Amino acid sequence: MSFIYSMFINNPGRISVIRKNNVNSARGELKSEIVRKSIHFLIALVPFMAAINKMATVSILMIGTLGYAVMEYLRLSGVKIPMISSITSMASRPRDFGRFVMGPVTLGMGAAIALLLYPSNAAIIAIYALAFGDGFASLIGKFFGKWRPAFLFGKSVEGSFACFIAVFISAYAVSSNLHIAFIAAFVTMVVEAMPLEDYDNLAIPVTVGLAVQLVSAVF
């Protein structure tokens with residue numbers, strides 16, 4: 001221990017380099033999270049597209065998801081796709097290094113499934129839960145998350161609260177029903193807190209849409 005202590009005391013430059021590397025790493029992680037969640041927020045455009053033509057929107061989502069999967073396979077094979085490969089790399093987490101980045105696939109599939117499974121209002125609330133609930137939970141959790149109890153599986157109370165508020169507001173804006181808004185927000189918060197990794201993009205719209213349907217039948 002004394003050797004390690006003296007090594008750093010006698011080499012203040014080493015401490016400076018470590019601090020700089022830590023800061024750069026944190027900035028890179030936040031930049032990656034912003035890029036990733038910006039894609040999440042864009043999925044909120046799907047209900048507007050579906051209002052014009054629902055099946056065309058589902059087709060666009062499926063074709064886009066398939067196209068991304070092909071380009072991601074090419075990227076892993078060493079073929080660089082202009083712009084797409086760069087965005088994928090920026091949006092990938094450390095756990096995605098050298099792996100197929102599943103997030104955009106499950107995101108597109110989740111939105112498409114919501115449109116196919118549920119009537120208009122339930123589908124819109126489910127997609128907004130995916131876009132805003134998961135999006136704000138991650139961003140607020142990364143920037144401001146301090147309290148991370150064990151039952152949240154490493155996620156923060158601040159992020160879960162942001163998730164609840166974002167979904168409650170968007171669900172109420174669509175339904176004008178406090179019961180529906182509360183249940184949609186609560187279900188999203190619970191599912192988002194689970195350790196599902198990228199598969200929460202499927203779980204959130206499916207469970208929220210179902211919950212909204214059930215609550216709508218009662219209220």
Side-chain angles (χ1 to χ4, degrees), residues 21-44 46 87-111 113-114 122 124-174 178 180-212 214-215:
N21 288 339
N22 288 340
V23 169
N24 289 338
S25 177
R27 286 177 178 171
E29 188 176 348
L30 288 175
K31 179 181 178 181
S32 174
E33 192 67 24
I34 290 171
V35 171
R36 191 158 49 246
K37 294 312 169 183
S38 294
I39 298 172
H40 252 77
F41 292 141
L42 285 174
I43 211 71
V46 166
I87 293 174
T88 303
S89 296
M90 283 192 296
S92 62
R93 297 181 176 93
R95 72 173 187 233
D96 295 322
F97 181 76
R99 294 170 49 192
F100 188 100
V101 180
M102 281 293 297
V105 172
T106 55
L107 188 68
M109 289 178 61
I113 289 171
I124 292 171
I125 292 171
I127 291 169
Y128 283 170
L130 175 60
F132 301 126
D134 194 17
F136 280 112
S138 294
L139 287 178
I140 297 300
K142 284 285 184 184
F143 280 102
F144 305 107
K146 301 296 181 184
W147 189 19
R148 300 178 185 272
F151 65 83
L152 287 180
F153 303 101
K155 296 182 180 180
S156 70
V157 170
E158 295 88 346
S160 292
F161 183 71
C163 172
F164 182 92
I165 295 299
V167 178
F168 184 89
I169 292 172
S170 61
Y172 185 76
V174 173
L178 288 173
I180 290 174
F182 179 85
I183 293 299
F186 181 77
V187 170
T188 307
M189 181 180 67
V190 171
V191 175
E192 194 280 330
M194 293 179 180
L196 299 175
E197 296 187 348
D198 290 321
Y199 293 98
D200 63 354
N201 293 337
L202 294 173
I204 287 174
V206 170
T207 55
V208 171
L210 178 59
V212 168
L214 293 174
V215 175

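Note that this is a predicted model, so its numbers are computed, not measured.
- Listed here is the closest heavy atom pair of Val167 and Ala129: CG2-CA, 3.9 Å.
- Among all heavy-atom pairs drawn from Ala211 and Ile183, the shortest one is CB-CG2, 3.9 Å.
- When every heavy atom of Gly133 is checked against every heavy atom of Thr188, the shortest pair comes out as CA-CG2, 4.4 Å.
- Looking at heavy atoms from C-beta onward, Val174 lies in side-chain contact with Tyr128 at the 4.5 angstrom threshold.
- Separation of atoms CE (Met189) and CD1 (Ile165) is listed at 10.0 Å; rounding is to 0.5 Å.
- In terms of heavy atoms, Leu196 sits closest to Ala203 at CD1-CB, 3.7 Å.
- With Thr207 as the partner, the side-chain contact (heavy atoms from CB on, under 4.5 Å) test is satisfied by one option alone out of Val191, Val190, Val212, Leu202: Val191.
- Considering Phe132, Phe136, Phe182, Phe186 as possible partners of Phe164, the one that fulfils the ring-ring contact (aromatic ring centres under 6.0 Å, His included) test is Phe182.
- When every heavy atom of Gly141 is checked against every heavy atom of Ser156, the shortest pair comes out as CA-OG, 3.4 Å.
- Here the side chain of Lys155 pairs no donor or acceptor atom with the backbone of Ser138 at under 3.5 angstrom.
- In this structure, Asp200 has no salt bridge (charged side-chain N to carboxylate O under 4.0 Å, His left out) partners at least two apart in sequence or on a different chain.
- Note: Tyr172 and Phe168 have parallel aromatic rings, judged against thresholds of 30 and 60 degrees for the angle between ring planes.
- Closest non-hydrogen pair, Ala114 versus Ile127, comes out as CB-CG1, 4.0 Å.
- One distance of note links CG of Leu107 with CD1 of Ile204; it measures 10.0 Å at 0.5 Å rounding.
- Looking only at side-chain heavy atoms (C-beta outward), Met102 and Glu197 stay at 4.5 Å or farther from each other.
- Rounding to the nearest 0.5 angstrom, the gap separating the CD atom in Glu192 from the CG atom in Asp134 is 5.0 Å.
- Looking only at side-chain heavy atoms (C-beta outward), Asn201 and Met109 stay at 4.5 Å or farther from each other.
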